[in-house]
Amino acid sequence: MPEKPYDHQEIELKWSARWKDDPTLYRAVDDGSRPRYYVLEMLPYPSGRLHMGHVRNYSIGDALARYQWMRGYDVLHPMGWDAFGLPAENAAISRNTHPRTWTMENIAHMKKQLDRMGFAYDWDREVSTCEPEYYRWNQWFFLKMLERGLAYRKNSLVNWCPECATVLANEQVVNGCCWRHETTPVEQRQLEQWFFRTTAYTQEYLDDMKLLEGHWPERVITMQRNWIGRSEGTEADFAMEGSADRIRVFTTRVDTIYGATCLILAPEHRKSSELCDTADLAAQLKAMVDDQSRKDPENLEKAGFFTGHYATNPYSGQRTPIWVGNFVLMGYGTGAIMAVPAHDERDFEFCRKYGIAVRPVIRPVDGALADGETMAAPFEEYGIVEDSGEWSGLASAVARKQMSQRADDEGFGKAAITYRLKDWGVSRQRYWGTPIPVIHCKSCGVVPVPEKDLPVVLPLNVEVTGKGSSPLANVPEFVNVDCPKCGEPGRRETDTMDTFVDSSWYFFRYVDHANATMPFDAAKVAPWFPVDQYIGGVTHAILHLLYSRFWCRVMRDLGMVSFAEPFKNLFTQGMVQLNGQTMSKSKGNIVDPDEMTQKFGADTCRLFVLFAAPPEKDMDWNESSVEGQYRFLSRVYRFVTRNIDVVNEGNPDADRKALRKIHQTIAKVTADFDNRWHFNTSIAALMELTNELYSLEASLSTDVRRQAMETLVLMLGPFAPYASQEMWEQMGRAGAIIRQTWPVSDPDLAREDSIEVPVQINGKVRSRVTVALGLSKDDLEKVALADEKVVAMLDGKQIVKIVVLPDRLVNIVVR
RNA sequence: GCCCGGGUGGUGAAAUCGGCAGACACAAAGGACUUAAAAUCCUUUGCUCCGCAAGGGGCGUGUGGGUUCAAGUCCCACCCCGGGCACCA
């Protein structure tokens, strides 16, 4: 058969048409006959239009899924859902919309884009989780959490993005700005808000990280650990002078408490307004509360004022002035601190500024106690406690423990653990998102919507102004509803849920997407979960990945799953950057893959993006090598098409060489898949094999030629599905490539029979000798010493030592 | 400031366990085929020095030290780039 030119358009059109409606292709067998493997992908936000970052994410996951399939696993691979931009005419709403509220038109558009890119997708499942019906299950979970006290409403100071005109969770505030509007500073507002009690599992998140270690990237684990921010310390009450009240402080260094020379309250602390009992103090306090520069802690100059009041140190009995300071955080610990300037940098800075005494009480283990008057910097290490009454002479660590115990014994405090993690504020004043299923009644209070009335569906024809309160509040038909308990007129809750609620559990529903009575059937989920492999951007490290860990525990406590961790393995791919900046819609530096796909095809596009760099590494976008990938595919295609019917007796030497290369390549590519996903080296190995086959082409026997072609095509399958499928068919083989068995390397065929061993003299390569594989140490040494170049080099030198590694190297050390 | 990554040719990168640095590509230059172009194929390509040549020498993985027969890889110190966290008491 003559050689055919590689026509990617024809091939890709043909196979996308054939695959489109073939349900056997991408769907699990689902009869439990094969082991399960669940690949899940999630893109880095912000997403926007389809761009190269998505192609990279999908190419990685798709290659893995195809490989696992060929290795005999039944693979569930629904693919990421937040990837695809909406058509331009929908741009106005697409900006803030969410997949769960997408329309069927939106989905059709996504489907078209994905099909064109040649990514497998199980549309039934995706469409199902996008239907408004999906609200029902968010609401169902909400009601279950409400019953268990895991959902609650409280009035609190919350983050407010003026651009979104909505509340944000702590996790969604990035550098003091909204995560979707990176230049809009977040404001603080006092509002009635709904929360999920994520802190119910705080210690579990930390403890269970043991299960994730080695399976999740270390930096993600560290980021979560820092976010949770556990610190062990002591709470202690300072009794207020002239009142029965106390001020409770939290400290991790109670061993320094004899050095506390003042108390500092956060301006928002309840006691601050109480103690600022003159007009002047009240004005100072108000100015401090309103001070916008406090949002930028990096450049904030510490400032404060004395309230004129005093409290008593519970340990030393010392009279301690009470100050208010702009740097003390209300949201951490108790909102009040004891300032120990001698042993804390921040306190030092503050106290020096206002002339407050510096009183050292810890001396370095091998040093002397510092002089507070002349101290240039605080001593923050552990040491020996001094000038601290009965505790003097103890080591810091011992004193900490014993002093904590004393607080507990005498009732003025206790050992305490403080976390940085706060509950998840889920109220949003947005149109998109699941309506919160409760009704406010004057006489009954907050009444849950009865389960039979779910789902509470978003009304249509809502005017989205993007300003003020929830747009739902302006829809009387939605708001005015009778109380389910007493029947009197009530008001429906108009807040909707954070869309991270959707992403916390949607992937569970993929395995039971048509269930009409439950979010999913526990028995159907059991064989698939936890997710074996999650592939996504590191940007989700604390938002989505922490929320999912919370949700999974809630489901566990509801008896729906039997495990706490939803994702067994996490792989964070590198970002695709353009001129050093991460591609994102907001920066406007997106490279659309359309052009490349049109010109070179989806297969080339995948090969290109996988070949450019290992997947965990960031890659700067540079298209210059894409033609090389196209050339490579063309070379393979031409080789296959022109050799299909070739009959040749062949040359045994060439056959052996080809077989060796084939089996070496299988070993290499398989190892890359199993160990490290460095697809750039896998593809390089396939290129080497192709080059070798080109050079041996004329001398190959019919049988080996056939084996070579088939193996090459099978191994190309995960990376270039269209082209390899086409070649498979042209070779007269039936069925889908992904239903074929992954080739197995035969070590006997892969083994080299002779090998070139470098001979070094004093560590520098001076010659090479070709010897039989496995030649003994002694024999190899003899061969090396007999080599004429070596003999010449050794002339007049004295051999000190010879290092011989069979099959690897000889190093002769001379003097 | 603290915690992670990373620094290798003109470019993307490879070297997986301390053992031949630069696999595989891109780009570039030269050649074959062609009226020409495209496509394809072949050759050269880390820097540098000696030589007409065949060939040979030296240097080389951010910098400076160290360990070792042997270091891109291990140890110490430092510089630079990227990312995350940060008045968390």
Side-chain angles (χ1 to χ4, degrees), chain A residues 3 5 174-175 217-223 225-227 229-231 233 249-254 256 260 264 266 294 297-302 325-329 331-340 343-347 349-350 380 418-421 538-539 541-542 574-575 577 580 582 607-608 611-614 616-629 631-632 634-635 638 668 671-672 675-676 678 680-688 690-691 694 756-768 800-805 808-814:
Chain A
E3 159 182 317
V174 181
N175 294 328
E218 201 186 303
R219 86 190 138 138
V220 173
I221 293 178
T222 311
M223 279 163 78
R225 215 171 251 142
N226 291 343
W227 186 261
R230 177 191 156 105
S231 41
V249 299
F250 172 77
T251 177
T252 53
R253 290 296 302 274
V254 71
T256 65
I264 311 175
R294 291 179 65 210
E298 208 169 331
N299 301 312
L300 178 68
E301 198 194 327
K302 289 181 184 50
N326 64 351
F327 67 101
V328 179
L329 303 174
Y332 186 78
T334 61
I337 62 162
M338 60 174 201
V340 184
H343 305 296
D344 182 281
E345 204 185 314
R346 296 153 302 175
D347 298 347
E349 189 189 331
F350 186 83
E380 296 187 299
T418 297
Y419 299 94
R420 205 182 88 113
L421 184 72
V538 72
T539 38
I542 37 191
M575 299 289 133
Q577 304 178 324
T582 303
L607 280 175
F608 163 68
F611 186 72
E616 73 276 9
K617 218 185 134 168
D618 287 347
M619 62 181 270
D620 204 51
W621 189 253
N622 177 357
E623 294 188 14
S624 63
S625 71
V626 69
E627 292 192 34
Q629 300 310 310
R631 263 198 293 264
F632 166 56
S634 308
R635 271 165 70 80
R638 292 198 314 269
K668 164 76 184 154
D672 276 346
N675 302 328
R676 53 174 208 171
H678 279 203
N680 52 336
T681 59
S682 307
I683 294 167
L686 295 176
M687 287 172 168
E688 279 188 59
T690 306
N691 293 346
Y694 261 69
E756 198 179 59
V757 175
V759 181
Q760 299 181 333
I761 293 172
N762 285 348
K764 293 193 175 173
V765 180
R766 296 299 182 185
S767 183
R768 290 161 213 280
V800 178
K801 185 177 179 182
I802 303 180
V803 180
V804 183
L805 283 98
R808 303 267 291 283
L809 157 139
V810 177
N811 188 11
I812 304 165
V813 186
V814 298

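These values consider heavy atoms only, across backbone and side chains, with no hydrogens, waters or symmetry-generated copies. Numbers restart at 1 for each chain; the letters A, B, ... are given by sequence-line order, proteins then strands.
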- Task: Report the distance from atom CG of A:Asp618 to atom P of B:rC81, rounded to the nearest whole Å.
- Result: 17 Å
- Query: How far, in whole Å, is B:rA71 from B:rG12 if one measures between their C1' atoms?
  - Reply: 25 Å
- Query: Is B:rG6 in the syn range, within 90° of 0, or in the anti range?
  - Reply: anti
- Classify every nucleotide of nucleotides 36-41 of chain B by which part a protein heavy atom approaches to under 4.0 Å, writing B for the base, S for the sugar-phosphate alone and - for neither, in 5'-to-3' order. ----SS
- Item | Under-4.0 Å side-chain N/O to phosphate OP1/OP2 contact, A:Asn691 with B:rA25 | yes
- Query: Which part of the nucleic acid does A:Phe611 contact within heavy-atom distance under 4.0 Å: base, sugar-phosphate only, or nothing?
  - Reply: base
- Task: Encode nucleotides 84-89 of chain B as B, S and - characters from 5' to 3', where the letter depends on protein heavy atoms closer than 4.0 Å: B to the base, S only to sugar-phosphate, - to neither.
- Result: S-BBBB
- Message: Tell me if the CD atom of A:Glu301 is crowded by more than 12 foreign heavy atoms within 6.0 Å.
- Response: no
- Can you tell me the pairing partner of B:rG5 across any strand shown, Watson-Crick or G-U wobble, with both distances under 3.5 angstrom? B:rC81
- Message: When the P atoms of B:rG10 and B:rG22 are compared, how many Å lie between them, rounded to an integer?
- Response: 15 Å
- Same-atom distance (C1') from B:rA13 to B:rA54, integer angstrom: 34 Å
- Task: Quick one, give me the B/S/- string for nucleotides 14-19 of chain B, reading 5' to 3', where B means a protein heavy atom under 4.0 Å from the base and S means that only happens at the primed atoms, P, OP1 or OP2.
- Result: SSB--B
- In the structure shown, which nucleotide is the Watson-Crick or G-U wobble counterpart of B:rA89, with both distances under 3.5 Å? none
- Query: Is the glycosidic angle of B:rC17 within 90° of 0, making it syn, or outside that range, making it anti?
  - Reply: syn
- Task: Using the P atom on both, measure B:rA27 against B:rG64 and round to a whole Å.
- Result: 35 Å
- Which base sits across from B:rU40 as a Watson-Crick or G-U pair, both distances under 3.5 Å? B:rA32
- Can you tell me, in whole Å, how much space there is between the C1' of B:rU67 and that of B:rU73? 14 Å
- Could you please name the partner base of B:rC59, counting Watson-Crick and G-U wobble pairs only when both distances are under 3.5 Å? B:rG46
